[in-house]
J.: 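Starting off with a structure, shown below.
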Number of protein chains: 2
Amino acid sequence: MPEKQPAPSSHDMPQEPAQADRFCRARQARSATLLEDYAELIADLLASGGEARTVDVARRMGVAHATAVKTIARLKREGLATALPYRGVFLTAAGHALADRVRARHRLVVELLVAVGVPVEDAEADAEGIEHHVSDSTLAAFAGFLQGRK
Amino acid sequence: MPEKQPAPSSHDMPQEPAQADRFCRARQARSATLLEDYAELIADLLASGGEARTVDVARRMGVAHATAVKTIARLKREGLATALPYRGVFLTAAGHALADRVRARHRLVVELLVAVGVPVEDAEADAEGIEHHVSDSTLAAFAGFLQGRK
DNA sequence: GTCCGAATATAGCCTATGCTACACATCCTG
DNA sequence: CAGGATGTGTAGCATAGGCTATATTCGGAC
C-alpha cells in the first residue's frame with residue numbers, strides 16, 4: 001500500500017479536514033441565508049409601514065407569492081414569526097433578534113465595502129450575499145478597521 | 001384606490017424593484033456557488049496531484065461520495081468537466097476558465113480581508129462563502145484598495 | 001490467475017426552494 | 001349590499017443538493 005503519499009504538490013493545497021470544515025460552514029451559512037433575509041425584510045416592513053403583507057414580501061424578494069407563503073410557513077415552524085390567516089406576518093422575539101443581528105451585519109458590511117472604494121449601489125447589492133458569510137471574527141475586524149480610519 | 005402611498009416611512013427602505021433585483025442576484029450567485037467550488041477544487045487537485053478522484057473531491061468538500069458523484073454529473077451536464085467511468089475527473093476548457101476566475105477572486109478576497117485585519121484562518125474560511133457574491137465592480141475596488149496601500 | 005478491499009457508481013429517499021394554477025377571503029366601489 | 005379586483009392560501013410539480021444502502025469495477029497481494 002502506497003501509504004498515501006502527500007502528492008507531488010507542485011502547488012499548495014489546504015489541509016483536507018480544514019478545507020472540508022470550511023465548505024461545511026459555507027453550506028450551513030447558505031441554508032440559513034433565506035430565513036435571515038426574510039426576517040430582515042419583514043422587520044423592515046414592520047418598522048416602515050406598520051405591517052408586512054405576504055404580497056409585499058414576495059414582491060420585494062422577487063419571488064412568487066406562493067414561495068413567500070411557504071418560506072413564511074418555515075419561519076413560523078422555526079419560531080421566528082407568527083401570522084394569522086389573511087392578517088399580516090409578525091416576528092417573535094427570536095425573529096426580531098435575528099433580524100437585528102442580520103441588519104447590523106448588513107450595515108457594517110456595506111460600510112466596509114464603501115470604505116475600500118466600492119460604489120454604494122454595488123456595495124448594497126453584494127452585501128446582500130456577503131453578509132451571510134461574515135463570521136464574528138471578520139465582523140469585529142471590519143468594525144476595528146472602520147473605527148481606525150474615522 | 002390609495003395610490004400606493006409611500007408608507008409612513010419612519011425608517012428608510014430601498015426601492016422595491018431594486019431590492020428584488022438584489023435578492024435575485026444573490027439567489028443566482030448562490031446557485032452557481034456549488035459548481036464554482038467544485039471546479040476550483042478539481043483544478044487544484046489536478047494541479048497538485050495530477051488527478052482528481054471522486055473520493056478526494058468528496059472528502060475535501062466534506063460530503064458523501066454519492067453527493068460528489070451527483071455534482072460532478074452536473075458539472076459534466078453543464079460542459080465544465082469530463083470523466084470516464086472509474087477514471088478521474090477532468091475539466092474542459094470552460095471548466096478551467098471558471099476555476100481560474102474563481103481562484104483569482106478567492107485570493108483577492110482573502111487578501112482584502114487580511115488587509116483590513118481579519119486573521120488568516122478566518123479570512124480563508126469566510127472567503128469560501130464570500131467569494132461567490134463579489135461583483136466585478138467590488139473586485140476591482142478590492143484590487144485598487146490593495147494596490148493603494150502597498 | 002484469483003480474490004478481496006477500496007474506489008466508484010446507482011438507486012431511492014428526504015428537505016429546501018422555486019414555479020404555476022386554482023380556490024377562497026377581504027374589502028373597496030358603486 | 002353586491003360584485004369584482006386584489007390579496008391570500010393550497011395543491012402539485014420540478015430541480016438542487018444532501019443522505020444511506022446496495023451494486024459494481026478495479027487493481028494489487030498472494
Side-chain angles (χ1 to χ4, degrees), chain A residues 1-5 16 20-21 23-39 41-42 45 49 51-78 80-90 129 132, chain B residues 1-5 16 20-21 23-39 41-42 45 49 51-78 80-90 129 132:
Chain A
M1 178 182 289
E3 193 47 59
K4 193 111 184 171
Q5 61 196 16
E16 178 238 288
D21 260 17
F23 282 122
C24 287
R25 266 205 276 169
R27 263 200 304 280
Q28 221 175 334
R30 231 168 359 183
S31 75
T33 290
L34 243 224
L35 292 188
E36 291 180 1
D37 283 340
Y38 270 75
L41 176 55
I42 291 168
L45 287 170
E51 70 176 344
R53 324 287 306 269
T54 60
V55 72
D56 293 327
V57 172
R59 238 194 319 258
R60 283 183 176 273
M61 291 298 304
V63 298
H65 67 271
T67 302
V69 169
K70 255 201 228 180
T71 307
I72 290 168
R74 198 176 147 214
L75 279 175
K76 287 193 277 187
R77 209 176 342 129
E78 311 237 340
L80 297 169
T82 57
L84 297 177
Y86 297 98
R87 296 289 100 128
V89 186
F90 299 91
H132 304 285
Chain B
M1 177 183 288
E3 193 47 59
K4 193 106 182 171
Q5 61 197 16
E16 177 237 290
D21 260 17
F23 282 122
C24 286
R25 266 204 276 167
R27 264 199 303 280
Q28 222 175 333
R30 229 169 0 184
S31 76
T33 290
L34 242 224
L35 292 188
E36 290 180 1
D37 283 339
Y38 271 75
L41 176 55
I42 291 168
L45 287 169
E51 69 175 346
R53 324 288 305 270
T54 59
V55 71
D56 293 327
V57 172
R59 238 194 319 258
R60 284 183 176 272
M61 289 299 305
V63 298
H65 53 264
T67 303
V69 169
K70 254 202 229 179
T71 307
I72 290 167
R74 197 175 147 214
L75 279 175
K76 287 193 278 188
R77 208 171 348 124
E78 312 239 339
L80 296 168
T82 57
L84 297 176
Y86 298 98
R87 295 290 99 131
V89 187
F90 300 91
H132 304 286

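A note on names: the letters A, B, ... follow the listed sequences, proteins ahead of strands, and every chain is numbered from 1.
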J.: Using every non-hydrogen atom in the two residues, find where Val57(B) and Ile42(B) come nearest and quote the distance to one decimal.
T.: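 The answer is CG2-CG1, 4.1 Å.
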J.: With sequence neighbours excluded, tell me which residues meet salt bridge (charged side-chain N to carboxylate O under 4.0 Å, His left out) with Arg25(B).
T.: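 Expected list: none.
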J.: Got Asp37(A) and His132(A) here, is their nearest side-chain heavy-atom distance under 4.5 Å?
T.: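 The answer is yes, as the side chains (C-beta and beyond) meet within the 4.5 Å cut-off.
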J.: Between dT15(C) atom P and Leu75(A) atom CG, what is the distance in whole Å?
T.: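 Spelled out: CG on Leu75(A) to P on dT15(C) is 18 Å.
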J.: So which protein N/O to nucleotides 22-26 of chain C N/O distances come out below 3.5 Å?
T.:
unit_1  : atom_1 : unit_2   : atom_2 : d
dA25(C) : O4'    : Tyr86(A) : OH     : 3.1

J.: Donor-acceptor pairs are to be reported for all side-chain atoms of residues 26-35 of chain B against protein atoms at under 3.5 Å, with residues two or more places apart or in another chain.
T.:
unit_1   : atom_1 : unit_2   : atom_2 : d
Arg27(B) : NH1    : Met61(A) : O      : 3.2
Arg27(B) : NH2    : Met61(A) : O      : 3.2
Arg27(B) : NH2    : Gly62(A) : O      : 3.1
Ser31(B) : OG     : Gln28(B) : O      : 3.1
Thr33(B) : OG1    : Ala29(B) : O      : 2.8
Thr33(B) : OG1    : Arg30(B) : O      : 3.3

J.: Which nucleotide in the set dA16(C), dG9(D), dC19(C) lies at the smallest distance from any side-chain heavy atom of Lys70(A)?
T.: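 So the side chain of Lys70(A) is nearest to dC19(C).
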J.: Nearest whole Å is fine: how far is dG18(C) P from Phe23(B) CZ?
T.: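 Nearest whole value for this atom pair: 11 Å.
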J.: Which pair of non-hydrogen atoms, one from Val89(B) and one from Ala81(B), has the smallest distance, and what is that distance?
T.: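 Nearest pair, atom of Val89(B) first, then Ala81(B): CG1-CB, 4.1 Å.
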J.: From the options dA11(D), dG18(C), dG7(D), select the nucleotide whose nearest atom is closest to the side chain of Leu34(A).
T.: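 When the side chain of Leu34(A) is considered, dG18(C) is the closest of dA11(D), dG18(C), dG7(D).
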J.: For dA16(C) and Arg27(B) - does any side-chain N or O of the residue sit under 4.0 Å from the phosphate oxygens OP1/OP2?
T.: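 Answer is no, no contact under 4.0 Å.
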J.: Answer with base, sugar-phosphate or nothing: what part of the nucleic acid does Val69(B) contact at a heavy-atom distance below 4.0 Å?
T.: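 If one applies the 4.0 Å heavy-atom cut-off, Val69(B) turns out to touch a base.
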J.: Would you kindly give the CG-to-P distance between Leu84(B) and dT24(D), to the nearest whole Å?
T.: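 Computing the Leu84(B):CG to dT24(D):P distance gives 21 Å.
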J.: Counting just side-chain N and O atoms, does Arg53(A) come under 4.0 Å of either OP1 or OP2 of dC27(C)?
T.: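 False: Arg53(A) side-chain N/O out of range (4.0 Å or more) of dC27(C) OP1/OP2.
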J.: If I take atom CZ in residue Arg59(A) and atom P in nucleotide dC19(C), what distance separates them, rounded to the nearest angstrom?
T.: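 The distance from CZ of Arg59(A) to P of dC19(C) comes to 15 Å, rounded to the nearest Å.
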J.: What is the distance, rounded to the nearest whole Å, between atom CD of Glu78(A) and atom P of dT15(C)?
T.: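 Taking atom P of dT15(C) as the reference, CD of Glu78(A) is at 13 Å.
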J.: Given that Lys76(A) and Ala32(B) both sit by DNA chain D, which one's nearest nucleotide is further toward the 5' end?
T.: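 On the 5' side of the pair lies Lys76(A).
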J.: When you measure from the side chain of Arg30(B), which nucleotide among dG18(C), dG9(D), dT20(C) comes out closest?
T.: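 Among the listed nucleotides, the one closest to the side chain of Arg30(B) is dG18(C).
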J.: Shortest non-hydrogen contact from Tyr38(B) to Leu75(B)?
T.: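 Scanning both residues, the minimum pair turns out to be CB-CD1, 3.8 Å.
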J.: Residues in side chain to side chain contact (heavy atoms under 4.5 Å, CB included) with Phe90(A), at least two apart?
T.: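 Leu46(A), Thr82(A).
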J.: Mind checking if Thr54(A) touches a base, just sugar-phosphate, or nothing, with heavy atoms under 4.0 Å?
T.: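 Answer is sugar-phosphate: Thr54(A) comes under 4.0 Å of backbone atoms only.
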